[in-house]
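The block underneath contains the structure these notes are about, expressed in C-alpha cells.
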Amino acid sequence: MPELPEVETVRRSLQKRIIGMQIKKVKVFNQYTVKYPKVDEFEKGLVGEEFSEIGRKGKYLLLKFLSGNILVVHLRMTGQFLFVDANQEEYKHTQVVFELPAGKELRFVDIRGFGTMHYFKPEEFATFPGLNKLGPDPFDREFDLDWWIKSLKIRKTKIKSLLLDQTFISGLGNIYVDESLYAAKINPNCPANLLTEKQATDLYWAIKDVLQEGIKHRGTTISDYLDAEGRKGEFQNYLKAYGQKGLPCSRCGTEISRIKLGGRSTYFCPRCQGK
DNA sequence: ACGGGACCCTGTGGGC
DNA sequence: TGCCCACAGGGTCCCG
Ligand SMILES: [Zn+2]
C-alpha cells in the first residue's frame with residue numbers, strides 16, 4: 001500500500017498526535033510483526049519510552065524516543081497506524097497495540113501482516129541493513145541531479161525496475177513510478193543507460209513533482225490506506241497513468257496500456273511514452 | 001548485473 | 001451458493 005507520500009502523511013499525523021506521550025504498555029498479537037528484539041524484550045523495553053520525534057527515510061517510519069532508542073516500522077502492503085481512544089471497538093488484524101496516556105492507544109493494524117517493527121538502541125540502529133542500504137530519498141540532499149544523471153548512465157536495467165529498487169532510490173513504489181514516468185514521457189521498458197540527459201533530467205524533476213503532489217493530497221487510497229487519524233488520501237483522484245487502463249491519456253487521448261514488468265502491473269501511454 | 005519466479009498473508013472481484 | 005483464478009500500494013531470497 002504505502003509509498004513515500006502515504007508514509008510521509010502517516011509520519012505527519014503521528015507527529016501531530018503522539019509526541020511527548022509515554023508508552024504505558026505494549027501488547028503484541030502477531031509475533032511475526034516484531035522482528036527485533038524478541039517479543040518479550042520488545043514489550044518490556046518499550047514501556048516508559050517517550051516519543052520525541054517521528055522521522056522517515058524512504059518507506060520506513062522512524063519513531064524516535066527521548067532515550068535515543070528508536071522504533072523502525074515498515075508498513076509494507078497494508079500496515080496502518082491508528083491513533084484512537086482505548087475504548088474504541090477492536091479492529092480485525094490488530095497486530096500490536098501501544099497504550100498511551102489519557103485513554104489513548106496507538107494501534108498497528110495490518111490485514112496481510114507483512115509489516116515489520118524493529119526496536120533498536122542507538123548503536124544497533126546504525127547497523128540495520130534495511131535502512132543503511134537504502135538509496136537517497138528524493139527529498140534528501142544526496143538526491144542530486146549530477147549524481148542522478150551519472151548513475152542512470154551506468155545501469156542497463158529497465159528504468160521502471162531501477163526506480164523500484166530501494167537501494168538505488170528510496171520511497172517510490174508502483175503507483176508513483178508509473179506516474180513519474182508518465183510525467184516525464186519515458187517508456188517504462190527503456191534501459192536506464194539509453195535515456196538522454198534531457199530525459200534523465202525530466203525524470204529527476206518529475207519524481208520530485210509527483211511525490212510532492214502526492215503528499216499535498218495526503219497520499220493515494222485505493223482500498224485500505226488511512227493515516228494515523230483515520231483519514232483517506234485524495235491522490236487517487238489525480239492519477240494519470242496508474243490504474244487508468246483503457247482510459248484516454250490526458251495529453252493525447254490515446255488509450256492507456258497495461259503491461260507486466262518485473263511482475264508488476266505497469267500503466268503507460270503508448271504514444272506519449274513511446275511504444 | 002539482470003530477469004524471473006516463488007513466497008510471506010488476507011481479501012476482493014470476476015467467470016463459470 | 002461455491003470454487004478457482006488473478007490481483008493488490010512491498011520486499012526478500014534463490015536460480016540461471
Ligand atoms: Zn498520451
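Below, chain A is the first sequence line, B the second, and so on; all start at residue 1.
- For residues 146-167 of chain A, proximity to DNA chain B is found at A/R155, A/K156, A/T157, A/K158, defined as any non-hydrogen atom under 4.0 angstrom from a strand atom.
- Rounded to whole Å, the distance from CZ on A/F114 to P on C/dG11 is 12 Å.
- As rounded to whole Å, 13 Å separates atom P of C/dG11 from atom CD1 of A/I169.
- For A/E213, the side-chain hydrogen bond (donor to acceptor under 3.5 Å, both in side chains) test picks out no residue, with sequence neighbours left out.
- Comparing C/dG9 with B/dC2, their C1' atoms sit 24 Å apart, to the nearest whole Å.
- By the neighbour-count criterion of 12 heavy atoms within 6.0 Å, atom OH of A/Y32 is sparsely surrounded, having that number or fewer from other residues, nucleotides or ligands.
- Other residues, nucleotides and ligands place no more than 12 heavy atoms under 6.0 Å from the NZ atom of A/K25.
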Q: Please lay out, stage by stage, how A/K121 and A/E41 fare under the test salt bridge (Lys or Arg N to Asp or Glu O under 4.0 Å).
A: CA-CA 12 Å; A/K121 296 182 171 62; A/E41 291 176 54; over 6 Å; no
Q: Fill in the dot-bracket string of DNA chain C, one character per base: . for unpaired, | for a pair to another strand, ( ) or [ ] for pairs within the strand, taking Watson-Crick or G-U pairs under 3.5 Å.
A: .|||||||.|||||||
Report, one line per pair, each donor and acceptor closer than 3.5 Å where one atom sits in a side chain of residues 238-249 of chain A; sequence neighbours left out.
unit_1: A/Q244; atom_1: NE2; unit_2: A/Y242; atom_2: O; d: 3.0

Residues 125-132 of chain A side chain polar contacts: donor-acceptor under 3.5 Å, at least two apart:
unit_1: A/T127; atom_1: OG1; unit_2: A/E124; atom_2: O; d: 3.0
unit_1: A/N132; atom_1: ND2; unit_2: A/A126; atom_2: O; d: 3.1
unit_1: A/N132; atom_1: ND2; unit_2: A/F128; atom_2: O; d: 3.4

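- Distance noted for atom C1' between C/dA6 and B/dG5: 16 Å (whole Å).
- Between A/D178 atom CG and C/dG10 atom P the separation is 10 Å, expressed in whole Å.
- Here the two rings, on A/W205 and A/F143, have centers that are 6.0 Å apart or farther.
- Phosphate contact (OP1/OP2 of C/dG10, side-chain N/O of A/K59, threshold under 4.0 Å): present.
- Sorted by first then second residue, the ring pair (Phe, Tyr, Trp, His ring centres under 6.0 Å) pairs that include residues 81-105 of chain A, not counting sequence neighbours, are A/F81-A/F108.
- Partners of A/N87 according to the side-chain hydrogen bond (donor to acceptor under 3.5 Å, both in side chains) rule, which considers only residues two or more places apart in sequence or in another chain, do not exist here.
- Across all strands shown, A/K133 has no heavy atoms under 4.0 Å from either base or sugar-phosphate atoms.
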Set out, line by line, the N/O atom pairs under 3.5 Å between protein and nucleotides 5-8 of chain C.
unit_1: C/dA8; atom_1: OP1; unit_2: A/S265; atom_2: OG; d: 2.4
unit_1: C/dA8; atom_1: N3; unit_2: A/R112; atom_2: NH1; d: 3.3

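- Bracketed by its first and final contacts, the part of DNA chain B lying under 4.0 Å from non-hydrogen atoms of chain A reaches from B/dC2 to B/dG11 in 5' to 3' order.
- One hydrophobic cluster, built from ILVMFWY side chains closer than 4.5 Å, holds both A/Y267 and A/I186.
- For the pair A/Q199/A/L152, no side-chain contact is recorded, criterion being any heavy-atom separation below 4.5 Å from C-beta on.
- Within the structure, the ring pair (Phe, Tyr, Trp, His ring centres under 6.0 Å) test picks out the following pairs touching residues 46-72 of chain A (sequence neighbours left out): A/F51-A/F65, A/Y60-A/H74.
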(Q) Is there a side-chain hydrogen bond (donor to acceptor under 3.5 Å, both in side chains) between A/T94 and A/R107? Walk through the geometry before answering. (A) CA-CA 7 Å; A/T94 300; A/R107 301 184 185 172; 5.5 Å; no
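- Atom CG in A/D110 sits about 15 Å away from atom P in C/dG9, given to the nearest Å.
- Interatomic distance, CD1 of A/I256 versus OG1 of A/T266, reported as 12.5 Å (0.5 Å rounding).
- A/G173 comes within 4.0 angstrom of sugar-phosphate atoms only, judged by non-hydrogen atoms across all strands, and of no base.
- The side-chain hydrogen bond (donor to acceptor under 3.5 Å, both in side chains) test applied to A/K216 returns no partner, not counting sequence neighbours.
- Residue A/I111 is in sugar-phosphate contact alone, with no base atom involved, counting any heavy-atom pair closer than 4.0 Å across all strands shown.
- A/T221 comes within 4.0 angstrom of a base, heavy atoms only.
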Could you list all N or O pairs between the protein and nucleotides 12-16 of chain C that sit under 3.5 Å apart?
none

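- A side-chain contact (heavy atoms from CB on, under 4.5 Å) with A/F235 is found for exactly one of A/T220, A/T221, A/T9, A/I222, namely A/T220.
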